[in-house]
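Below you'll find the structure, written out as structure tokens, and then a few comments.
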Amino acid sequence: MIRDSLASAVRDALVALAVDPLPERIDLERPGRREHGDWSTNVALATAKRAGRNPRELASELVEHLNVNRPSHVERVEIAGPGFVNFHLAPTWLHDVLTDVVTSGVDGYARSDEGAGRTVNVEFVSANPTGPVHAGHARGAAYGDSVARLLERCGYAVTREFYINDRGVQMQNFGASLAARKRGEEPPEDGYHGQYISDWAAEMPDDADPVAWGEDRALQDQREALAAFGVNFDVWYRELSLVDSGAIEETLAELRSKGYVFESDGATWLRSTDFGDDKDRVLVKSDGELTYLTPDIAYHRDKFSRAERLINVWGADHHGYVPRMKAAMAALGHDSGELEVTIVQLVELLKDGQPVRISKRSGNLIELRDIIDEVGADAARLTYLLQSVDSRQTVDLAVVASAGMDNPVYYVQMAHARIHGIARRAVEAGFERVALDQCDLSLLTHERELEVLRSLSELPDTVRSACADRAPHRVTT
RNA sequence: GCCCUCGUAGCUCAGUCGGAUAGAGCGUCCGCCUCCUAAGCGGAAGGCCACAGGUUCGAUUCCUGUCGGGGGCACCA
């Protein structure tokens, strides 16, 4: 809105000043310092060189022209620094922002349609179906869901997907552990030893298949815990369904027909080094068993048949796995970039100031459910989203649960309470709320009022960039 | 050893396509309760952007190297 009108005014000025070539884009940004005005452009710096002009002179001519032909709301235009052009605006431009916010509403403001309905599949959490969702999954859950929400806000058609690794030796260990507890015995050495195994075994009917029953039990538990966390998946995709549908064989056949598969040492290999991987990878082991990779390739192939773009949210311990999956997708003919993998760094959980060691073997783990019980789903989610997933995060549960100013969650809650307090007072005092177009917006001149409006004016850009960079922490900070 | 990632205020962290005097919260210090939540508000101090080079009008940002933290390097999943 205001940005467009300023940009077109700048463009007109450049034309009037016979600048050639004209820049393909005119950037208008909000200066960090108030004295640099409300909006600023570096266009003189950016175009002077190619147009054979002196930046400072060009800027000064621009300023002169713009002060004569002032766009609406503009009070004055100034030159600053090496050639920045700064616009100082009347508060009325922020009043327009308020009108825009109110008419667009909660669901309409800061929404964009740049996704244009393109399909994106966001896969996250994907915990093994051998136990509850635990603290190690929580950050990825909050992040993945928030990225999905941002994408939806920007007009993409999003599928939230959970991949279930229900094939392989871990499931057998899990089933054996349940069966052992059911018989009143200790689980096998390489089995699962958590308390939940005993609890679930007690629920298990005598005639149930421990593996199949256990998977359903685990998934039910995961689904409930994630829902309580505000995370709901559209698709729960079972690895076993790839076996049933023949997708794995199809995938192997396609890779083979494209010439990227070879036999060596009795095993079947993917020549992933053709696509940037640092070594070739085994698809079928010499004993005839599939590696973990092979069904996973088939799974991603299937996802590509359902969405134009894939986003995977993986834990830091999987980052070495990224090049081979990208290589496999390239072998199947997909452009790099159509598969994005976001690596979420680990969270160190502090309880009573001490790091909590999580061990799945011994069953010493903090469940997602425990965190929700302790601090609440909203507080936990916001805490995870306050920081870029690129860096390791330390979460102190005592702080998240605390009612003090060192807890940002609490700060937000208090602001919310206060706003409602003001509204309540207004009602008690007999004020009646009227439509915005019956209000005298020119009364909004206090610096604090303008500050709020300025923040609101930035929200659409914030959401857009948070979406484009898959960085929900831009919205929360 | 190789690869990825991070290193910014006392602490926890932002910093968008390379831009102006590097920002926020907490903590610290100073001030403020006689009606909108003191569960609060206002103000101040606080920086070798890990280090060394390079690229250019300009580098916290891009490139190379060094140091330090974390992670990964299977015919495991």
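In the text below, chain A, chain B and the rest are named by the order of the sequence lines, each starting its count at 1. Just so it is clear, the structure is predicted and the values come from calculations on it, not from any experiment.
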Would you mind classifying the nucleic acid contact of [X] as base, sugar-phosphate or nothing, using non-hydrogen atoms under 4.0 angstrom?
X	value
A/Ala316	sugar-phosphate
A/Asp396	nothing
A/Arg464	nothing
A/Asp317	sugar-phosphate
A/Asp469	nothing
A/Ser391	sugar-phosphate

Under 3.5 Å, is there any donor-acceptor pair linking the side chain of [X] to the base of [N]?
X	N	result
A/Asp27	B/C17	yes
A/His319	B/G72	no
A/Thr291	B/C75	no
A/Asp296	B/A77	no
A/Ser40	B/A20	yes

With syn defined as a glycosidic torsion within 90 degrees of 0 and anti otherwise, which applies to B/C33?
->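 That one's syn.
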Check the chi torsion on B/C35 and let me know: syn if it falls within 90° of 0, anti if not.
-> anti
Should the pair A/Arg381-A/Asp378 be classified as a salt bridge under the 4.0 Å nitrogen-to-oxygen rule?
-> no
Closest nucleotide of RNA chain B for A/Thr394 versus for A/Arg281: which of these residues is on the 5' side?
->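 Its nearest nucleotide lies further toward 5', so the answer is A/Thr394.
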Heavy-atom nearest nucleotide on RNA chain B taken for A/Lys279 and for A/Gly168; more 5' hit belongs to A/Lys279
Without decimals, in angstroms, what is the distance between [X] [atom1] and [N] [atom2]?
X	N	atom1	atom2	result
A/Ile79	B/G19	CD1	C1'	15 Å
A/Glu348	B/C6	CD	P	19 Å
A/Arg448	B/G40	CZ	C1'	13 Å

Reckon [X] has a side-chain N or O less than 4.0 Å from the OP1 or OP2 of [N]?
X	N	result
A/Lys285	B/A77	yes
A/Gln345	B/U5	no
A/Arg418	B/A38	yes

For A/His36 and B/A20, is the gap between ring centres under 5.5 Å while the planes differ by less than 30°?
->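 The base of B/A20 is stacked with A/His36 (centres under 5.5 Å, planes under 30°).
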pi-stack flag for A/Tyr321 and B/G72, centroid dist under 5.5 Å, interplanar under 30° |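 Whether judged by distance or by angle, A/Tyr321 falls short somewhere, so it does not stack on the base of B/G72.
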A/Arg474 and A/Ser388: side-chain donor and acceptor closer than 3.5 Å?
-> no
Could you please name the option among [options] that lies closest to any side-chain atom of [X]?
X	options	value
A/Arg392	B/C75, B/C41, B/G70	B/G70
A/Val169	B/G70, B/A77, B/G15	B/A77
A/Arg474	B/A14, B/G15, B/G19	B/G15
A/Asn128	B/A20, B/A77, B/C36	B/A77

[N] pairs with which nucleotide, Watson-Crick or G-U wobble, both distances below 3.5 Å?
N	answer
B/G42	B/C30
B/C73	B/G1
B/C51	B/G65
B/U56	none
B/G23	B/C13

For [X] and [Y], take the angle between the two ring planes, folded into 0 to 90°, and tell me which bin it lands in: parallel under 30, tilted 30 to 60, perpendicular over 60.
X	Y	value
A/Tyr299	A/Tyr163	parallel
A/Trp236	A/Phe162	parallel
A/Tyr321	A/His318	perpendicular
A/Phe124	A/Phe233	tilted

Using the P atom on both, measure B/G72 against B/G58 and round to a whole Å.
-> 42 Å
On a whole-Å scale, what distance lies between the P atoms belonging to B/U21 and B/A59?
->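 The same atom, P, in both gives a distance of 12 Å.
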Can you check salt bridge (Lys or Arg N to Asp or Glu O under 4.0 Å) on A/Glu340 and A/Lys326, steps first, answer last?
-> CA-CA 9 Å; A/Glu340 291 176 32; A/Lys326 286 198 173 241; over 6 Å; no
